[in-house]
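This report refers to the structure that appears directly beneath it.
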There are 2 protein chains.
Amino acid sequence: MVTIADVAQRAGVSVATVSRTLHGSAKVDPRTRARVLAAADELSYVASPTAMSLASGRTHVIAVVAPMMSRWFFASIVTAIEQNLRETGYHVMLFSLEAGPGAPGRFRPEFFAKRVDGILWLNVAVTPAEEALLAKLDLPMVCVGTQIGDSPTVLIDDHRAARTAVTHLLSLGHREIAYVGTPVGSIAHMTTPAARVAAFRETLVHAGVPVREGWVLAADWTADGAMEAVEPLLRSDRRPTAVLAASDEMAIGVLGAAARTGLRVPEDLSVMGIDDHSFAGALGLSTVHQDVPAQGRAAAQLLLAAVRNRDTRTPATRIELATHLIPRQTTAPPQAAG
Amino acid sequence: MVTIADVAQRAGVSVATVSRTLHGSAKVDPRTRARVLAAADELSYVASPTAMSLASGRTHVIAVVAPMMSRWFFASIVTAIEQNLRETGYHVMLFSLEAGPGAPGRFRPEFFAKRVDGILWLNVAVTPAEEALLAKLDLPMVCVGTQIGDSPTVLIDDHRAARTAVTHLLSLGHREIAYVGTPVGSIAHMTTPAARVAAFRETLVHAGVPVREGWVLAADWTADGAMEAVEPLLRSDRRPTAVLAASDEMAIGVLGAAARTGLRVPEDLSVMGIDDHSFAGALGLSTVHQDVPAQGRAAAQLLLAAVRNRDTRTPATRIELATHLIPRQTTAPPQAAG
DNA sequence: CTGAAAGCGCTTACAG
DNA sequence: CTGAAAGCGCTTACAG
C-alpha cells in the first residue's frame, strides 16, 4: 500500500507538506505543490480515510437512520441524501431499523459513537431514554418528519396535507368517507400517521360531517395491509362513497380491495391517497403531492452546515415544505344512487 | 472522551489486556476479565472504530453499490443486506450511482480504498477499465445479478423467469403478445434486461409464433416510462391481446396505459409482469416471483465468508435462486373476438 | 512556506 | 495470562 511517506519521499518533501498540499488549508509554494501532486498521481496515492479520521477527529461519514428502507418515501429520500452528501465529499452509513430475525429493530448509541460526523434521522421516533443517550454522543443531528429534542427538522405539514385531501373529497360532494391508516404497531410513535388521522377527523367535524368510528381503520401502511383492512368495509351493506388512505401505498391497497369486491373506481368508490408515489400517475391516483427529494436535500444541507461548524447544538431550525393537491382519475362526485 | 487508557487505569491493568478482553481471542484470566468489563461498563466505554481500523487493518464496513435506490428491487435487497450485515457486526456504506446534478453517476475506486472490507455489487455493470481498477483494490467482492470478473454471484435465471412468463401467456392462448422493457440508456449494460428480452423472443419463436419487431418496446424500466411506450400501441388498429412487461413496475405502467385507452384488463388485454413486486398482490398482477431478500442474504453471507478468510480471490461461486409463476387476475385467455 | 515531532486510540507480536 | 513497546498512517500546532 502506498502511504503518505512514499509520496513525500518521491516529491522530496516532508509528510507534513504532502498532507498540507493534499488537504490542508495552509499555503504551499506552487512549485512544491506541483511536485507533490505529480508524485501522488504517479503513485496513485489515496490517503487512508481511517488514518485521516483518527488524526483529525472527523470521519466524513454521515449516519442515515430510517425505520425501514423498503418503502417509497425512504428509498426516495435516501437516494437524494446520498447524492447530495457524496457531492460534498461525505459518505453515507445506512442504518435501517427494520426488525429482523436477530436484528435489533432499534439503534444503539455505539452505532454512531466516534464513527460518524453527524446523524440524519428519517422519520424515526425516539424514546426519552434514547434521546438522553443520543445527547451524550454530542453529534450534530437533523431530523426529517419527526422531531428529536431541539434538532433542526425538515418536514411537510402533515395536518394540512390530510386536510387538503379530505377537502377535495368533500368538495366533490362526498359525505360518507372512510379512512385507513390509523397508526399501529411499529409506526405507532411516528407523528405523520397521528397528524394525518387527526386532520381527517377535524376536517370532517369542521364541515359538519360526523365521523363514523367504524370507518376509521388501522393498517400497517402497506398496500396489502390496507387492502385487508378495507375489504370487509366495502363488502358491508352500508359502505362509504370514498376512502382516504393515509398514504398512496395504502391507497393502492384500497384500489385492490375495490377490484376484489367488484366496485368500480371512481363510479362506485372514490379513492384518494397522500404522497404522490411514483406509481400514482400510472394508476391515475388522486393524491396530495409532497416533494421527497427536496426534503432530503434540505436535511443534508442543514446537517452539513452543522457538521462543518462543529456546532453540536445548532439553533433550532424548522423547514416546512409545501404540498399540493393532484386530482387524477380515482376521485369523482358520488353517484346519485350512492 | 473515554479511551482504552481510562479503562485500563480504572481496572488496574494494561491497555493490552483491555483490548484483549474486549475484542481479542487470546486467553484472559476470568477475574481480570471481570474487572475490565466492570470498568468499561462503568465508564460507558466504546472503542474508537477509527483507531481499531487503523491498528487492525479491518474496518468492519461493507460497501453496497447500486445503480439506484429508488426502485423496489434495490430497496428490498438493501434492507435484507443491511439486516444481515448488522447482525454480524458489520456496517453498510451506501453508494447509489444514480446520476444527479453534480453526482458522478459512477463509482471511483477511491470510494472504497482502505475504507471498506468488501464490496457488494447490486446489478451494476462495470466496464473493463473499471474492472481493472477494482482488481487493484484487492478487496473481496460479491455481485448480485450481474457478474464482475470472477467474483461470486447471486442471481436468478432471468432467461427462465421470462420464459415462464411467456409460456403462461402462450398457454392461455395468446399469440399476439407485445413486450416492453428492451434496455435503453443507463440500464443498457445490465444483463437482466438483455436476458429477459432474449428469452421473450426465443420462447415465441420456439412456439412458432412470429415476433413482431414493432411490438418489442424500449423503456426505462419505470411505470411512467412503460406507460408512455405502450399507450400508442394500445391505441393502434392492430393491437396485441397481451403485453409482457420485463418488470412489475413497468407492468403497472401498462395497466395505466390500458386504463387510459379504455381497455379492460384482462378482458381486452392481458398484462403480465416479472418480479412479484410488493404491490403485485393488491393489483392482482400476474407475475413471476423472485425472492429478493433471499438474494440479499445469500450475497451478504458469501461476502462475509470471503472477508473473514481475508480471501481476496474467493473461488468462483454462483448461487442461482428459483423463480415461479404467480398467475393472478390480469391474465386470461384472449377474447374470441380479439 | 516547510520540517520535526507529538499525538490520535487502538492492536499485536514479543517477552516474560 | 499479562505488560511494554512498536506501529497503523495520518494531522497539526510549534518553530524556524
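A, B, ... follow the sequence lines: proteins, then strands. Residue 1 opens every chain.
Rounded to the nearest Å, the gap between the C1' atom of D:dT12 and that of D:dG16 is 16 Å.
Atom-to-atom, CG of A:L54 to P of D:dT12 comes out at 12 Å; the value is rounded to the nearest Å. For A:H60 and D:dC10, the NE2 to P distance is 15 Å, given to the nearest whole Å. B:I4 has its CD1 atom 14 Å from the P atom of C:dC8, to the nearest Å. Computed from coordinates, the A:M1 CE to D:dG7 P distance equals 15 Å when rounded to whole Å. Between the NZ atom of B:K114 and the P atom of D:dC10 there is a distance of 5 Å, given to the nearest Å. Here D:dG3 presents its P atom at 14 Å from CD of B:Q9, a figure rounded to the nearest Å. The nearest whole Å value for the distance from the CE atom in A:M52 to the P atom in C:dG9 is 17 Å. Atom CG in A:L22 sits about 16 Å away from atom P in D:dG9, given to the nearest Å.
Closest to the side chain of A:S19, from the set C:dC10, D:dC10, D:dT11, is D:dT11. Listed nucleotides: D:dC10, D:dC14, C:dT11. Nearest to the side chain of A:R20: D:dC14. With D:dT2, D:dC10, C:dG9 as the candidates, the nucleotide lying closest to the side chain of B:D29 is D:dT2. Ranking D:dT2, D:dG9, C:dG9 by closeness to the B:T32 side chain, first place goes to D:dT2.
When heavy atoms are screened at a 4.0 angstrom cut-off, A:A16 is found touching base atoms of the nucleic acid. Contacts of A:T50 with the nucleic acid, taken as non-hydrogen atoms under 4.0 Å apart, are absent.
At least one side-chain nitrogen or oxygen of A:S14 sits closer than 4.0 Å to the OP1 or OP2 atom of C:dG3. Put simply, A:S56 has no side-chain N or O that comes within less than 4.0 Å of OP1 or OP2 on D:dT11.
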Could you tabulate the donor-acceptor pairs under 3.5 Å formed by side-chain atoms of residues 59-69 of chain A, not counting sequence neighbours?
from, atom 1, to, atom 2, distance (Å)
A:T59, OG1, A:V61, N, 3.2
A:T59, OG1, A:R115, O, 3.4
A:T59, OG1, A:D117, N, 3.4
A:T59, OG1, A:D117, OD1, 3.0

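In this structure, B:D6 contributes its side chain and B:T3 its backbone to a donor-acceptor pair below 3.5 Å. Looking only at distances, a side-chain donor or acceptor of B:S53 sits under 3.5 Å from a matching main-chain atom of B:P49.
Listed by chain and number, the residues in a ring pair (Phe, Tyr, Trp, His ring centres under 6.0 Å) with A:Y45 amount to none (sequence neighbours excluded).
Of the two residues contacting DNA chain D, namely A:Y45 and B:V15, the nearest-nucleotide position lying further toward the 5' end is that of B:V15.
More than 12 heavy-atom neighbours from other residues, nucleotides or ligands sit within 6.0 angstrom of CD on B:Q301.
For A:W221 and A:F73, the distance between ring centers is not under 6.0 angstrom.
Minimum heavy-atom separation, B:A40 to B:V7: N-CG1, 3.8 Å. Contact record, B:Q295 with B:V144: OE1-CG1, 4.0 Å, taken as the closest heavy-atom pair.
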Worksheet item: Dot-bracket for DNA chain C, 5' to 3', with Watson-Crick and G-U pairs under 3.5 Å, [ ] for crossing pairs and | for other-strand pairs: what is it?
Response: |||.||||||||.|||
